[in-house]
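Nothing here was measured: the structure is a model prediction, and the numbers come from that model. First the proteins, then the strands, lettered A, B, ... as listed; each starts at 1.
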Amino acid sequence: MDDGSEYSKRLSARIEEDAKKIFHCSQCEFTEPFHYKGRNPPFKRTVWLKEDSYVNKDPFVPRGEGLFVVLGSDCSVCDQQVCQNPGCSVFYERRICLPCFKANKRDFPEKLVAKVASKE
Amino acid sequence: MAFDFSKYRRDFDTAFFTDNSAIRFGSEEHKDFWVFCEKLYKLKSRTLAGRSRSKGDLNPNHLVCVECIASSSGRKWVVEDAITRMPFRDPDSSKPPVPVERLKEFAEIIAKFLDFMQKEKFRKLRKLREAQKNLPIAEHESDIVNYVKNFPVVLIAGDTGCGKSTQVPQYLLKAGFSRIACTQPRRIACISLCQRVAYETLNQYGDEVGYQVRFERAKTKATRIVFLTEGLLLRQIVGDPTLTQYDVIVLDEVHERHLQGDFLLGILKCLMYKRKDLKIVLMSATINSEMFTDYFFNLTPIVQVPGRLYPIEVVYWPVVSEEKAGRISPSPYIRILHMIDEKYPAEERGDVLIFLSGMAEITAIADAAKEYAQKTNRWIILQLHSSLSIEEQDRAFDIAPDGVRKCVISTNIAETSVTIDGIRFVVDSGKVKEMTFDPTTRTEKLKECMISRASAEQRKGRAGRTGPGICYRLYTREEFESMTDFSAPEIMRTSLDSLVLQMVSMGVKEPLSFPFIQKPDSSRLKLAMESLISHGAVEPNGTVTTVGGLLAMLPVDIMVGKLLINGCVFERLDKVLSIASVLTVQNPLTNKSYRDPDCVSARKALMSDQGDPFMLLNMYSAWLAEKNKTGTGSSSRERSSTTRSWCKRRGIEEQRMYEVTKMRDQFMQIVKESEFLDQAAPKQETAAQRRIRIGERSMLHQWMREFKRKRGLGGEGRKRKVLKARDGEVASDDEETSGKSGNIHEAKDVEFRMRRNAAEIKNIIEHDKVDSFQDMVFMKAILTASIYPQWAIADPHNNYKAGTEQMYHTKDKPFVTLHPMGMLANNPEVLRVGSCEPTVAGFPPGSQISNKHELLLYLSMMETTRPFLMNTARIPAAQSLFLFALNTDVDHNFSRYVFDGWLEVRFTNPLEGMQLLIVASEVRVRWKKLLDLKIMSAGRNNVNRKEYSRNEKIFVNGLVQIYLNDSTYSLRRLLAADAKTMYYGHDGTSSSSHLPEMPDDLNEPEFDSIKGGWKLSDHVTYDCLTYDALSSALPEDGLLCPCCDDFNEDHPYLMYRHIEYCCKERIDQTDLDLGERTRRSGSSDSDEDGTSSATALLRKRKFQGGERKDV
Ligand SMILES: [Zn+2]
Ligand SMILES: [Zn+2]
């Protein structure tokens, strides 16, 4: 990128700082440090997410590829951290943890409710 | 109708994918995207005619935001951006331009894809974490961390598969420890564990997890865990005795009890007192864990982690007696295969693993099993042993197709080192071939013996890894119970030379008092010390010599180490690297190579009558030349098949040649790393040459990547393939050549070319030639010096006829033969002693008098059914003895010499013996001097050139003069009985109780009270041999100096001192450079080296030219 080295320095400092943070799913105990929380991961500026998410650099490909993996986000109802696992949360416009989803079924399309129920 | 985007792939690529876009153009992801797109299209055209969502209606289930995938200039409606980049299309073109709705639809597919990828990646990560959590060791995580925090030593006893090797380092890392070293006995495990742990800690592409093994390292300042071999950690201790670079040392697989692991344990035990902050974690199998806690004074907490095994039924099925005799009988094994066929339906999966003792047994059983497989079509027979190539070994891990079982026939390599999944039946022969080393005769013995109970249990366990299994033991329950508990640890079986050298050089004064976990026999330690002394690595008083210090740092065995050092000193490194490599790699000749007359005649040009090392060197050079012949013009397939058939015709295993190449590179690297070599700067290449070389390399790299991708090699590890059954055998390589991806031989060829370009090969070939006399002299001298004292003398009754066996005697072992696969064993005629004269009076009866006596150098002695000498080479007898023997004992007249107490040489002319002794002594002094000069300057690159070349000149001249010597003498082996009466002994009944007085002699020889003679130098004892009936008298008219022709003296000792002076001058002043006689300096500059003034008085006339010999 042409934003210059100052930028990348700041970036790596921030990534470093973020790395100390730990993501912990309230539903399944999945625990993982994360590199970034937000909508536009600094290691992949061209992708925007619909909500603030906990993001890791993709550990399965070389760093230069700039790929990432979303771990999860905060439940839009109870604000607890919840992971992407279908058994833990649903994404429909925004993330909602399964207990909250169940409590608010009527706010969601029937199809989705049925789909989630069928998976259980 | 669904719209087929792939028809417009180029347009969409241009519009949507750049270097910065969400999916980078040309990346793996980009490729995957189009596959995804295609699948989606097929799905759509199948499921619906029009159920497409209304345009612009974004899927609320997608987390990734399509409408604003940012462009490089900022947040932007992605379709807008795409429109501007959509290539302009000619309205007349057959394809109409893409409507904007399609662009939106495409953007949505991108979002769908990215969303899908996110879910996939997350699932992968989560699966990994779950698998880790499910490992047996996982529930002990907090215990382990707490113990390590609170105790200096912790033992984790866990069976294979409990996850200790991969998880414990991660627990420590998570708990905040860093600077963690994990040792492994095997180098390959270091690399694979590093990869695995890096993967699991999501550090695959970072450098927090690293490894360091011989020849390779992946470690930076950021590295927190490093996996390294036991040997490497030991060498680090040499430079960093308290291991300040680490906070935690994890020793894995300590129960395997390798030599270096045992040594490390002892060192760490000592280190505990010096470094109270150091944490030691021992990891072993559960079998003998008490031994380690005992060793650390029972203060060590243990974490016991049972492995996860399914129940295994044990069936004792002893081999009936008539099948026991002689060669291994396949029938019990075939019976079991047959029984499995009868008893278990083919649909029930489950493979067979057979444990046998060695390669010959494996081949025998595999042949019979293949025959059986051919009949039944229900088996695939695979072999697994360490001499297979990696690719061949990999096959054992592939999967058998439905209805077919795989039967892996293996050595004990499958016991602990490798794990094969899907095994349900284990067949255990109960045997293992073990290499033991007998230090008294320096013989390696390969013996078949019963395994230990621990091994038997380990073998059994292999049946229960994926489900319940059965273990057939081909021995009785009583036999099982009578087995020893554990196999003998390495320290009880192998040569301790390297270990003791390492100990001594690390300052362990008394190896006997070292806190070994299990002490080796004191006699073994003592013999190792003696061997080190004879190798010149340790002084008789126990201090390490300069060479010894260097040897201790080199990660090779002592003989190879000496070869490399000597090669450096005499600036013949290229040849020596090749020789050391061909001698280290297994014999490249196939079994038929000597039996098939076509092979023999095809190989004729590569023969050297000097012995195996020289023949192997020729062979390697010729193979390299063949590789070079087929240049870059031809395809890699042509190239690889050319050299392959070249090898086949000559009965050479090409694989070994590739191994030699690798080994040579490794040795080269060792030399470089040791900084011992002051290397000449590499030749400058021109820009054009460089371009060609780089272009060539990148082409080769490309080929290799493609090859690996297609074969599923590399990356996260090789994917298991489904085997093809065909007559019970696996499709051979020849059939694979039809595939586009290229075959393994090509891959080897390409790999070879990546290591070497044509110019380098040419350079090696050029340097590897041993065609001049001087080359041969040097190579023999270097070889002999490095391999001493492993030489053998021929039995006087040998007939040297083709097809018969020749007997040889070593110092400690009489009557051994040459290994039948050796070059000299197959051409015994060349071993006949040339120019023999009939026995003369004054010589032992039956002895031959010749100037062509030879000894045989051998690299190792191996005992299988009988002891054999391996890798032998001819060396001139008296010359080698005078130059290299550790002890030279001389009689009163300088006519009879005994070397190292067992080889006797009698000269027809005592003066010639005297002369040889003097020149050889001088050469030995210079040799040592050159070595010191080189070693002192090591790494500083500033050898004192002037001093070096002055010494070198004298050395070379002397050496050549010695090898040209053609004195006639007899040679015989002394027996123990002779040795008893050989010396005068301390009571001084010597022929003369005093040496004649030398005027002004400052360093009068010391009296050796044990032998009863005078020490002329550190290796020569004069006048200690008793007169025997045969001792020749001196000529009646006295002795005449052969150098100056006019010095005459009655007393041999005075004569010796005169010649010493005369001869020294002669070698100093003559330029004996063979072939080209260069300048001869008239003036003498030789008075520097302390030739005593006493001899100066004896000097009558300076030697002035007129050499005796034509050179
Ligand atoms: Zn969860
Ligand atoms: Zn919630």
Which region of [X], side chain (C-beta onward) or backbone (N, CA, C, O), has a non-hydrogen atom less than 4.5 Å from a non-hydrogen atom of chain B, or is it both or neither?
{"X": "F30(A)", "result": "side chain"}
{"X": "R95(A)", "result": "side chain"}
{"X": "N85(A)", "result": "both"}
{"X": "L71(A)", "result": "both"}
{"X": "S73(A)", "result": "neither"}

For the atom pair [atom1] ([X]) and [atom2] ([Y]), what is the distance rounded to the nearest 0.5 Å?
{"X": "K121(B)", "Y": "F68(A)", "atom1": "NZ", "atom2": "CZ", "answer": "7.0 Å"}
{"X": "Q118(B)", "Y": "Q84(A)", "atom1": "CD", "atom2": "CD", "answer": "6.0 Å"}
{"X": "D58(A)", "Y": "M117(B)", "atom1": "CG", "atom2": "CE", "answer": "8.0 Å"}

Query - Most contacts with chain A, counted as non-hydrogen pairs under 4.5 angstrom, among K133(B), R126(B), R129(B) - result: R126(B)
Query raised in the report: Side chain, backbone, both or neither: which part of E130(B) has a non-hydrogen atom closer than 4.5 Å to chain A?
Result: neither
Query raised in the report: Counting only heavy atoms not in R224(B), do more than 12 fall under 6.0 Å of its CZ?
Result: yes
Query raised in the report: If we only count heavy atoms from C-beta on, is the V70(A) to F122(B) side-chain gap below 4.5 Å?
Result: no
